Every structure is written in structure tokens, then in C-alpha cells.
Amino acid sequence: MDFENDLNPAQYQAVTAAGGPLLVIAGAGSGKTRTIVYRLARLVQQGVDPASILLLTFTRKASQEMLSRAAMLLGHGGDILPGVCGGTFHAFAYAALRRHHQTLGFPQGFTVIDRADADELIGRVKDDLGLGKGDKSFPKKSHVAELIGKSRNKECRVADIISRESFHLLPHADDLERMADGYAAAKAAHHLMDYDDLLFLLERLLVEHEDVREFYRRRFTHIMVDEYQDTNRVQARLITLLAPHTGNVMAVGDDAQSIYAFRGATVDNILAFPRIFPGTAVIKLEQNYRSTQPILELTNAILQNAGEKYDKTLFSTRTDGPKPELLRPFSDITQARMAVVKIRELARKWPLHEIAVLFRAGYQSYALEVELGKANIPFQKYGGIKFSEAAHIKDVLAYPRVVANPLDPAAWTRCLSFVPKIGPKTALRLMEAVRLGDQAAIDKAAKKHPQLAELFAFLDSLRAMPPHPGPILERAIAHHAPHLMEKYPDDYPRRLTGLEQLQQIASGYSSLDALLADMTLESPDEDKRKAREDHLVLSTVHSSKGLEWSAVLLLDLVDERFPSRHALTRDEDLEEERRLLYVACTRARDYLGLFVPETLYNRQAGVCSPVQPSLFVRELPASLCTMVRESLSGRPVPQSDSPDFAPPRPLSGSAAAPPSGPITACEPAPPRTDPSLLGYCRHKVFGRGKIIARLEGGKCRVNFPGFGPKMILSDYLEME
DNA sequence: TTTACGGCAATTTTT
DNA sequence: TTGCCGTAAA
């Protein structure tokens with residue numbers, strides 16, 4: 001290993017830094033992973049026992065990649081560096097809690113629940129408290145779950161979250177607090193833990209049990225934390241608690257890439273690190289190995305207007321390359337077609353899997369997905385449903401879950417839902433009967449439903465088996481197969497294949513609990529990146545973190561979409577959107593294309609309305625990109641003049657026809673008396689009404705039942 | 001109490 | 001488009 005040659009001076013400094021706290025600010029594409037891997041390898045080479053190194057990462061994939069690369073450096077072949085304890089905070093917390101579960105008063109262990117299970121439980125709490133019945137203004141259970149989760153991650157009251165970002169729910173604040181309490185109580189009663197509990201409970205374990213804390217502080221002499229900018233407050237406290245006596249805590253991150261504030265991550269952690277660990281050496285990695293200089297100039301400009309940060313300016317030795325392009329389709333609908341044309345062009349230069357299309361939110365790629373289908377371009381979407389979230393997987397896992405924890409309500413309802421005539425209510429009663437050991441009630445129900453007796457017999461037989469996940473899963477799948485066929489008649493074979501994969505995964509485990517926890521903590525959503533050969537990549541910006549492509553296209557860079565309209569009111573939210581854009585643009589190696597549609601199609605109104613380019617695009621110096629307009633044929637046309645962000649002129653009047661094709665997209669709007677514009681509409685005060693006529697000045701005559709005809713500005717109407 | 005159906009709203013990001 | 005929720009029928 002030739003550290004000096006393989007690394008640049010800053011990287012070398014980070015890799016060879018002596019003991020003590022170390023903070024590495026690693027700009028995008030600056031060889032962050034390389035630095036961690038080399039440091040890991042060097043420590044081991046210097047005789048540090050791998051088992052005394054703790055490597056905390058954001059995803060399991062990241063940790064595996066680092067460990068196997070370090071092993072390679074050390075000449076261990078393709079193996080993963082043996083002994084190093086690596087994984088996510090949640091997975092580490094789970095392992096620790098499991099080890100010490102008696103200490104914490106969970107003699108029977110516990111089950112980790114995912115977001116869907118939490119939603120369900122919260123729904124039940126809502127019913128129990130009799131809240132929200134017939135009240136349309138009461139938030140849905142998943143929304144409530146979100147609020148509760150946020151309050152825990154940010155460590156404030158639910159009411160605070162509400163008053164900060166959902167003030168329309170303030171009338172329900174008390175009820176929502178009660179639900180948060182009820183949810184916590186329900187989890188305790190059923191031996192369940194959600195993601196947040198894992199972290200808080202680990203903290204409690206370490207604070208209250210000095211012996212346990214000392215155990216870990218001695219066991220790990222070196223702690224390395226990746227993506228430190230995405231840690232929340234508990235996670236930072238956990239690091240402090242775990243910090244070894246040697247003081248060897250290394251945090252790596254980039255404050256400019258902090259994009260998880262919505263779930264409690266705070267940039268403060270990385271900014272405060274040197275204060276919390278006095279004597280911290282701070283090293284900045286600023287040389288970028290990924291992108292061309294023109295792309296970096298744009299990304300640096302995006303950061304220019306950011307608030308508090310570690311100042312850094314990325315530079316590259318790759319001075320060549322085209323400027324980023326600003327692509328201007330007529331609308332978000334024609335954007336999809338224009339993107340396909342662009343993708344075809346890029347695909348002449350790079351394989352498809354070197355091209356990615358990124359967007360702010362999952363739904364923004366729907367139109368493109370349709371066009372890609374028509375154009376026969378294969379693609380792979382990231383951020384979609386994960387393997388372990390697929391319904392059939394959860395269905396099958398419900399059986400072993402009942403075996404592992406007979407108090408698990410979500411698991412019971414799932415199993416029992418396959419017995420005809422048994423719904424949520426009966427399922428709940430049966431679970432109670434099981435809990436109380438009320439054999440009479442169970443027998444009675446079993447007599448009534450023959451299939452129920454079968455199910456109980458089956459579950460008992462599972463319980464009687466030795467606790468090996470492999471065989472248990474095999475039986476569960478066999479038992480479930482008929483239901484699968486019934487539930488997914490056309491999709492049956494594909495899902496069965498998925499279950500066989502699950503069986504494979506399960507047989508690699510020796511403990512049922514560990515399998516179940518892993519399935520909720522880190523779904524093996526595989527290395528489909530490399531596995532699927534030549535697929536275009538579609539991804540949300542969040543899921544693109546840490547990845548890179550030769551060419552990157554970014555969709556919908558207009559106000560309300562990116563930045564998202566939810567982020568427009570508060571400054572800190574807007575700052576996060578800016579960093580999100582920064583992350584997106586820094587994924588590109590050679591080509592970056594930014595789509596800025598001139599109009600957005602409004603489905604309800606059936607028209608396209610003009611939009612402003614994204615705030616972040618507007619503030620960019622025009623010289624940093626090239627503008628390309630959409631021609632009538634859908635082909636891009638380079639513009640000789642520099643970008644100009646005067647608000648786009650309305651195509652005709654206040655509305656244009658829906659863009660069904662490139663040509664019709666700019667046909668003149670129909671005359672104002674066109675009957676197609678005389679449909680039904682809604683008004684905040686008068687309710688539903690019928691438009692009788694369109695008048696000058698954007699006004700309409702509308703007939704509201706019960707109120708009679710009124711003259712209304714169409715801005716105040718919502719079309720149906 | 002279950003199940004089927006239809007209306008209706010919403011649609012950010014996720015360990 | 002989906003998916004949630006309330007309603008009505010069985």
C-alpha cells in the first residue's frame with residue numbers, strides 16, 4: 001500500500017492523522033469513501049484489532065462497500081474485513097438492545113416495527129380514543145404517524161411541530177398529543193419498538209447502566225461515523241456516550257449535503273463537533289475527482305447564497321467539458337418527451353446505466369416513465385417500494401412474527417385476514433384471547449371458522465419447530481402459497497420468486513429475531529444497481545445520495561416543485577432545498593441538464609399555466625449554463641442568447657390548451673365562450689357551481705345552487 | 001362485523 | 001393515478 005501516492009495531501013492527512021477526535025469535511029466527490037477505506041486499512045495494518053473498530057454508516061450498502069474495499073487493500077481478497085463492527089445506527093442499536101434486553105426490562109425481547117406497522121397501530125389508537133370520527137379535518141393516521149415521528153426526532157412536543165408547520169391542525173393539538181401517548185403505551189404493551197425507540201432506548205441503556213457503557217467504550221477504541229451531517233440529536237448524543245477513552249472519534253460528512261432535516265437531522269451536529277470534542281483536528285477535502293470544472297462552477301454558485309456552513313470551494317483538474325444545459329420545454333408534459341430525446345442523444349455517448357434522471361419527489365417521474373415505455377428505453381426506478389415492504393413479503397413474514405412475539409398486533413391481523421369472515425375486530429379479540437390464555441374463547445371461535453382452527457394448528461406447529469429461520473420460512477411459504485394465488489392471480493409467479501428469495505435470505509440466519517429485525521431495519525434491496533445491466537436510472541434526489549453518473553438530468557426546476565412548495569414559508573426549509581439541489585447537481589460527472597418547463601399542466605383546470613423558474617435557477621449567473629429551448633418537433637434547439645428569466649409570457653390569455661403533442665402545445669387557447677370551459681367549479685364560500693359564461697378580465701358568471709348566479713374572478717374558482 | 005363499493009383527496013423526502 | 005375512508009349491503 002502506497003498511501004502517499006494513492007492519496008492527495010488532504011486525504012493523506014486524514015488517513016494518517018494521529019489519535020484523538022477528527023472531523024473530515026468532505027466535499028461532494030472528494031474521495032470521502034476512499035479516505036475512510038484507507039484509514040480503516042491503515043489502522044488494521046498498524047495492528048489495531050478490527051473488532052475494536054466501530055463504523056457507523058447511513059446504509060448497510062455503504063458499510064459493506066467500505067469494508068470490502070478495505071479488505072481488498074489489505075489483501076484479504078473480496079472478503080469483507082472480518083471483525084469490524086459496521087452498520088447503521090439503528091442496526092447497531094438493535095444489536096446492543098438485544099444483547100442487553102434483560103437489563104432493560106424486556107425479558108421476552110421485542111419486535112421492531114416499520115412505518116406501515118406504526119401507521120396501523122396509530123389507527124387503532126385513534127379508534128380506541130374515539131377520535132376523528134366523521135371529522136374530515138382530522139388528519140389521517142399516516143399523517144399523525146408522521147407528526148409523532150417528527151416530534152420524537154426533533155425532540156419537541158407534537159404541538160410544537162403542529163404550530164410550526166401544520167397550524168391548520170392546531171385545533172386537534174390536544175387530541176394528537178393524546179394519540180402520541182396512546183401510541184407509546186400501545187407499543188409498550190405489545191413489546192414493540194419503532195425506529196426512534198431503538199435510538200432512545202440505547203441512549204437510556206448507556207446512560208443508566210454504567211457497566212454497559214464502559215463495556216462499549218472499552219470494546220471500541222476507534223469510532224468512525226459517516227454522513228455525520230445527517231445525524232439527529234440522539235445520534236450525536238450516542239456518539240458522545242460511546243466515545244472511547246482513547247478519544248478516537250472520527251466524523252466524516254459535508255454540511256452542504258445535509259438533506260434529512262425533515263426527520264430530525266441537524267447540521268448543528270457537524271458544526272458543533274469541534275466544540276463537543278475539544279482538540280478536534282478539522283480536515284477539508286476540496287479537490288473534486290468527479291465532475292468537470294463547468295459543472296463545479298454551477299454547484300459552487302448554488303452554495304454561494306447558503307447560510308451557515310464550513311466554507312469550501314470545490315475545484316477539479318478536469319477543466320474540459322461542456323457547460324451545464326438549461327433545457328426549456330413548453331410544459332412539464334412535453335418535458336418528458338424532450339427528456340427522451342435528450343436521453344437518446346446522451347445514450348450515443350454513454351451506456352444507459354451511466355445516465356440518470358433525478359427529481360424532487362417520486363411522482364414527478366410518472367410522465368417520463370410513460371414516455372420511456374413508449375420509446376422502449378429500459379429504466380430502473382430508485383426510491384420505490386422496497387423488497388421487504390412488498391405486501392406478499394410482509395404477509396409471509398407475519399407467521400414467524402407471531403411465533404416470535406405473540407403480542408404483535410400487526411402480525412396477527414395479517415395472518416388472520418386470510419381467514420374468511422374474520423376482520424380487524426375479530427382479529428383483535430382473538431389476539432386478546434391468546435394473550436390471556438383464554439382457551440375457551442379460542443376453541444369457540446375455531447369451531448365457528450374451520451380455517452381458523454387450521455391456522456392455529458399451523459402456528460403451533462411452527463412454534464414447536466427448532467428456531468431456525470430457514471425451515472420456518474419454508475413452511476410459512478408453503479402454507480401461504482394458496483392465499484398468494486388467490487390474492488394475486490395474474491402476478492402469482494413473480495411474487496413466488498420473491499418469496500423464494502426471502503427463503504434464501506432466511507436460511508442465512510441463525511436467529512429468527514435477527515432475521516425479522518433485519519427485514520425491517522435494512523431491507524436487502526439488493527445491489528440492483530450493478531445487477532441490472534443496461535438500465536437508465538430514475539431516482540429521487542434523496543436516494544441518489546452517494547451515487548454518481550456520467551450524465552444527469554434534473555426535472556421540474558420550477559417554483560413550487562423544486563423548491564417544494566412545502567418549503568417556501570420557512571427559511572431553514574428553503575436552505576435544505578438548496579442543499580438538495582446541490583446534492584443533485586454534484587452527482588454529474590460530465591453532463592448536467594436542468595429542465596425548467598415554462599408552464600405546468602393543471603389537471604383539474606385542464607390548462608397549462610405559466611411558472612417561474614426555480615428560485616435557485618433564477619439566482620444563477622447566466623454565464624454558467626447554455627439555454628436550450630424545445631422546438632415544435634420536440635427537438636432541443638440551442639439558444640444563442642443567454643438565459644433570461646423574465647416571467648414567461650402567457651401563451652394566450654390566461655390559459656392554453658392541454659398539451660397533447662408538441663404542436664398542439666402551442667395552439668391558441670379556445671375562444672372564451674368555448675363550451676369546454678363551461679364546466680363545474682368550486683368556490684370556497686359558495687361551494688359547487690356551474691359556469692354559465694366566461695367574461696372579460698378573467699371573470700366568470702357562475703350559478704351556485706342556493707345562491708343564484710354570481711360574478712366571480714376565475715382565480716377564486718377551482719375547476720372540476 | 002365483514003366486505004364491497006364509490007367518492008374523494010392528496011401527492012416530499014425515509015433509517 | 002392511487003389509496004384512504006366512510007357508507008351500505010350481506
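Owing to the predicted nature of the structure, the values given are computational and were not obtained by experimental measurement. All chains are named by letter (A, B, ...) in the order of the sequence lines, taking the proteins before the strands, and each is independently numbered beginning at 1.
Residue ring and base: H566(A) counts as stacked with dT12(B) (centre distance below 5.5 Å, interplanar angle below 30°). Stacking between F262(A) and the base of dT13(B) is present: ring centres sit under 5.5 Å apart and the planes differ by under 30 degrees.
Rounded to an integer number of Å, the gap from NZ of K140(A) to C1' of dA9(B) is 6 Å. L147(A) has its CG atom 14 Å from the C1' atom of dT12(B), to the nearest Å. We find that NZ of K545(A) is positioned 21 Å from P of dT12(B), with the value rounded to whole Å. For the pair K126(A) NZ and dG6(C) C1', the interatomic distance rounds to 11 Å; values are reported in whole Å. Remark: P of dA10(B) and CD of E146(A) are 14 Å apart, rounded to the nearest angstrom. Regarding H143(A), its NE2 atom lies at a distance of 14 Å from the P atom of dT13(B), rounded to whole Å. Nucleotide dT12(B) holds its C1' atom 10 Å from the CZ atom of R565(A), rounded to whole Å. Following rounding to the nearest Å, D135(A) (CG) and dC5(C) (P) show an atom-to-atom distance of 13 Å.
The separation of dC5(C) from dT12(B), taken at their P atoms, amounts to 15 Å, rounded to a whole angstrom.
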Audit row: D268(A), R233(A), salt bridge (Lys or Arg N to Asp or Glu O under 4.0 Å) steps and yes/no: CA-CA 9 Å; D268(A) 295 347; R233(A) 290 175 57 193; over 6 Å; no
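Taking the six-membered ring where the residue is Trp, the centroids of Y94(A) and F110(A) are separated by under 6.0 Å.
Across dT14(B), dT2(B), dT15(B), the shortest atom-to-atom separation from the side chain of Y260(A) is found for dT14(B). Side-chain proximity of R429(A) to the nucleotides dT14(B), dC5(C), dT1(B) is greatest for dT1(B). The side chain of S564(A) approaches dT12(B) more closely than any other nucleotide in the set dC5(C), dT12(B), dT13(B). When each of dT13(B), dA9(B), dT15(B) is scored by its nearest atom to the side-chain atoms of T88(A), the top-ranked nucleotide is dT15(B). In the set dT12(B), dT13(B), dT15(B), the nucleotide with an atom closest to the side chain of H90(A) is dT15(B).
Between K187(A) and D194(A) there is a salt bridge, since a side-chain N of the basic residue sits under 4.0 Å from a carboxylate O of the acidic one. One finds a salt bridge joining E120(A) and R124(A) here, because a Lys/Arg side-chain nitrogen approaches an Asp/Glu carboxylate oxygen to under 4.0 Å.
With DNA chain B read from its 5' end, the first of the two nearest nucleotides for P420(A) and E576(A) is the one closest to P420(A). Toward the 5′ end of DNA chain B lies the nearest nucleotide of T426(A), the other residue of the pair I259(A) and T426(A) mapping further downstream.
With S417(A) contributing its side chain and R414(A) its backbone, the two residues share a donor-acceptor pair below 3.5 Å.
Distances shorter than 4.0 Å separate some side-chain N or O of T540(A) from OP1 or OP2 on dT14(B).
At the heavy-atom level, F89(A) lies nowhere under 4.0 Å from the strands shown.
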